[in-house]
Each structure stands twice: as structure tokens, then as C-alpha cells.
Peer 1: 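Here it is, the structure, as C-alpha cells.
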Amino acid sequence: MKVGNDGANDKRPNDARPGGEGGDGLPLTAREQRFDIRIARDGTWFHEGDPIRRIELVKLFATVLRRDEAGDFWLVTPVERGRIVVEDTPFVAVEMAASGHGDEQVLSFRTNLDEWVDCGPNHPIRVAHNPENGEPTPYILIRNGLEARILRPVYYEMVDRADTRGHDGEAEVGVWSNKVFFALGRLPGG
């Protein structure tokens, strides 16, 4: 008689078990699968090509979403784990709230799944630039290597609150949040 899942009766050392070596933070006993789930660039979750319309289900899936050291995305439970496809980021920052001024300012961002995070040392902003046209795409870390792409209107609202400061002979534009300065870009000729 077999008790528990397949991993419970697997007597091999952890690093010899199929499905992982343990260094990625994913359970070693979970059975690896390939889920037909995709998160589109706009934050819409799809299953077998159809949008998942129940926000409660998407929020539940988001609680078990992980990203490994190689950058792959997984849904992970104690008994199974499966790869999913993420076109850009799993979340989208759809709203920003600000309080305070200067380096005392705190910027808070709401994701498309109604999760709020305060930008700061634990939730930094980074800006990637398109190599073809130089256009900026801002991101904020939500948790455990999972980011939200900051929507363009939210980014413009953030830029309206930006400060300029000198750095190594150049002028840098950025925002303060939780006493940390997050660079958004450099001024031309600065």
C-alpha cells in the first residue's frame, strides 16, 4: 500500500529525484507537470487558450506562483508543480498612490489582482529600455522575484512626481519612496 504522494515513498536522495535539485526553492516532492496556463502581457491569465474569468481563481493561482533562478515561472503546491508561460511579468501595476514629499515620500502601487505594495528597499522600481527604440518600461518587485509592469498612465503619474539630482557629472531623473531614490532615466546632455 502506498501512502502519500510519489515523493513520500521515494527513498532516493533529494538531488537524485526527478523534478528538481532543490536549489530553486521548489518542493522536491512535487510532481512536475506542464500546465497550459499563460499570463499575457496585459496581465490576463489564460487556461487552454481561454481567459480565466473568475478573479478569485486567478488570485488563488497567484498565491502559488513562483519564479526559479533560471527565470522560469511555476505554479507550486505541495503535491504538484507545473511550468506556465508568462509573456512579460505576472502582474501589472494599474494604480499609484503617493503620500509625503521629497525623500519622505512613499509611493504605493496596486496590481491588477488588488495587491498593494509600498515602493522601497523591499519593493524596488527598475526601468528597462527597449534596445531598438530606447523606450522605457518600468517594473516594481512585488514578491519573491515576481514583478509588475507599471502601466504607461501610472508611469506618467510617477514621472510627474520625479526629482532631478546630479550623479557623477550627469543629471538623473527619479522618484523617492521610503527614503530610497529610484532612477527613471538621465537627462540628455546632463
Side-chain angles (χ1 to χ4, degrees), residues 24-25 38-45 52 55-76 84-190:
D24 57 8
R38 174 178 62 90
I39 305 174
R41 190 171 195 280
D42 69 357
T44 303
W45 289 56
I52 300 174
I55 189 69
E56 297 82 11
L57 186 58
V58 172
K59 287 180 178 182
L60 178 64
F61 283 150
T63 65
V64 296
L65 181 62
R66 305 287 182 268
R67 188 171 191 186
D68 65 20
E69 292 171 0
D72 294 326
F73 292 90
W74 300 80
L75 294 180
V76 180
I84 67 168
V85 174
V86 177
E87 290 180 359
D88 186 8
T89 60
F91 308 111
V92 179
V94 297
E95 182 181 350
M96 183 187 83
S99 62
H101 299 285
D103 67 349
E104 298 292 325
Q105 175 175 258
V106 176
L107 301 177
S108 302
F109 293 86
R110 183 176 65 88
T111 72
N112 56 317
L113 300 182
D114 292 326
E115 183 175 352
W116 282 93
V117 295
D118 291 342
C119 177
N122 296 326
H123 302 282
I125 292 172
R126 75 175 178 91
V127 178
H129 291 86
N130 183 317
E132 294 175 13
N133 61 20
E135 191 166 315
T137 303
Y139 299 91
I140 183 167
L141 181 65
I142 302 300
R143 65 176 176 278
N144 303 324
L146 302 175
E147 293 181 310
R149 182 175 46 83
I150 300 172
L151 288 181
R152 187 74 48 201
V154 178
Y155 177 63
Y156 291 148
E157 185 180 347
M158 187 172 55
V159 168
D160 283 344
R161 301 188 69 82
D163 287 332
T164 304
R165 72 176 193 174
H167 181 71
D168 293 334
E170 293 186 333
E172 194 171 45
V173 176
V175 292
W176 287 97
S177 189
N178 278 309
K179 299 188 182 212
V180 178
F181 186 80
F182 296 97
L184 301 177
R186 300 197 185 281
L187 289 176

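Just so it is clear, the model here is predicted, and its values are computed rather than measured.
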Peer 1: Might you point out which heavy atoms bring Asn112 and Phe91 nearest each other, and give the distance in Å?
Peer 2: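 Minimum heavy-atom contact is OD1-CA, 3.6 Å.
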Peer 1: Taking Glu115 as the fixed residue, which of Arg143, Lys59, Arg110 is the one that meets the salt bridge (charged side-chain N to carboxylate O under 4.0 Å, His left out) rule?
Peer 2: Arg143
Peer 1: Nearest 0.5 angstrom please: Leu107 CG to Cys119 SG, how far?
Peer 2: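 Going from the CG atom of Leu107 to the SG atom of Cys119 covers 6.0 Å.
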Peer 1: Locate the shortest heavy-atom distance separating Ala148 from Ala93; write the atom from each residue and the value.
Peer 2: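 Here Ala148 and Ala93 meet closest at CB-N, 3.8 Å.
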Peer 1: Mind checking whether Tyr139 and Asp88 have side chains closer than 4.5 Å, heavy atoms only?
Peer 2: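 Yes - at least one pair of side-chain heavy atoms lies under 4.5 Å apart.
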Peer 1: Rounded to the nearest 0.5 Å, what separates atom CZ in Phe61 from atom CD1 in Ile52?
Peer 2: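 Answer for the CZ-CD1 pair, Phe61 versus Ile52, is 5.0 Å.
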Peer 1: Of the non-hydrogen atoms in Tyr155 and Pro138, which two are nearest, and what is the gap between them?
Peer 2: CD1-CG, 3.3 Å
Peer 1: For the residue pair Ile55 and Leu113, establish whether any side-chain heavy-atom pair is separated by less than 4.5 Å.
Peer 2: yes
Peer 1: Is it the case that the side chain of Glu87 and the backbone of Arg41 share a donor-acceptor pair, with hydrogens and angles ignored and the cut-off at 3.5 Å?
Peer 2: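 Indeed, once roles are kept as given, a pair shorter than 3.5 Å links the two residues.
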Peer 1: Donor-acceptor pair, distance only, cut-off 3.5 Å: does the side chain of His123 make one with the backbone of Leu141?
Peer 2: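 Yes; judged by distance alone, with no hydrogens or angles, the pair exists.
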Peer 1: By the definition side-chain contact (heavy atoms from CB on, under 4.5 Å), identify the one residue from Val154, Val117, Thr111 that meets it with Ile140.
Peer 2: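 Between Ile140 and the candidates, side-chain contact (heavy atoms from CB on, under 4.5 Å) is satisfied uniquely by Val117.
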Peer 1: CG of Asp114 to CD of Glu95: how many Å apart, nearest 0.5 Å?
Peer 2: 9.0 Å
Peer 1: To the nearest 0.5 Å, what is the distance between OG1 (Thr137) and CZ (Arg152)?
Peer 2: 6.0 Å
Peer 1: For Arg67 and Asn144, work out which heavy atoms get closest and say how close.
Peer 2: CB-O, 4.5 Å
Peer 1: Which of parallel (below 30°), tilted (30 to 60°) and perpendicular (above 60°) describes Phe181 and Trp176?
Peer 2: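 Because their plane-to-plane angle is over 60°, the rings of Phe181 and Trp176 count as perpendicular.
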Peer 1: Considering only heavy atoms from C-beta outward, does the side chain of Asp42 approach that of Val92 to under 4.5 Å?
Peer 2: no
Peer 1: Do Leu65 and Leu75 make a side-chain contact, defined as non-hydrogen atoms from C-beta onward lying under 4.5 Å apart?
Peer 2: yes
Peer 1: With heavy-atom distances below 4.5 Å as the criterion, would you say the side chains of Glu147 and Pro124 are in contact?
Peer 2: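 Glu147 vs Pro124: side chains apart.
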Peer 1: For Ala162 and Val173, which heavy atoms make the closest approach, and how far apart are they?
Peer 2: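 The answer is CB-CG1, 3.7 Å.
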Peer 1: Which heavy atom of Gly120 sits nearest a heavy atom of Phe182, and at what distance?
Peer 2: O-CZ, 3.5 Å
Peer 1: Measuring only between side-chain heavy atoms, which start at C-beta, is Pro136 closer than 4.5 Å to His129?
Peer 2: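 A side-chain contact exists here, since the closest heavy-atom pair is under 4.5 Å.
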Peer 1: Answer yes or no: is there a side-chain heavy-atom contact under 4.5 Å between Ile125 and Met158?
Peer 2: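 Answer yes - side chains close enough.
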Peer 1: Can you tell me if Asn130 uses its side chain to pair, donor with acceptor, with the backbone of Glu135 under 3.5 Å?
Peer 2: no
Peer 1: Is a side-chain donor or acceptor of Asn178 paired with a backbone partner of Val106 at a separation under 3.5 angstrom?
Peer 2: no
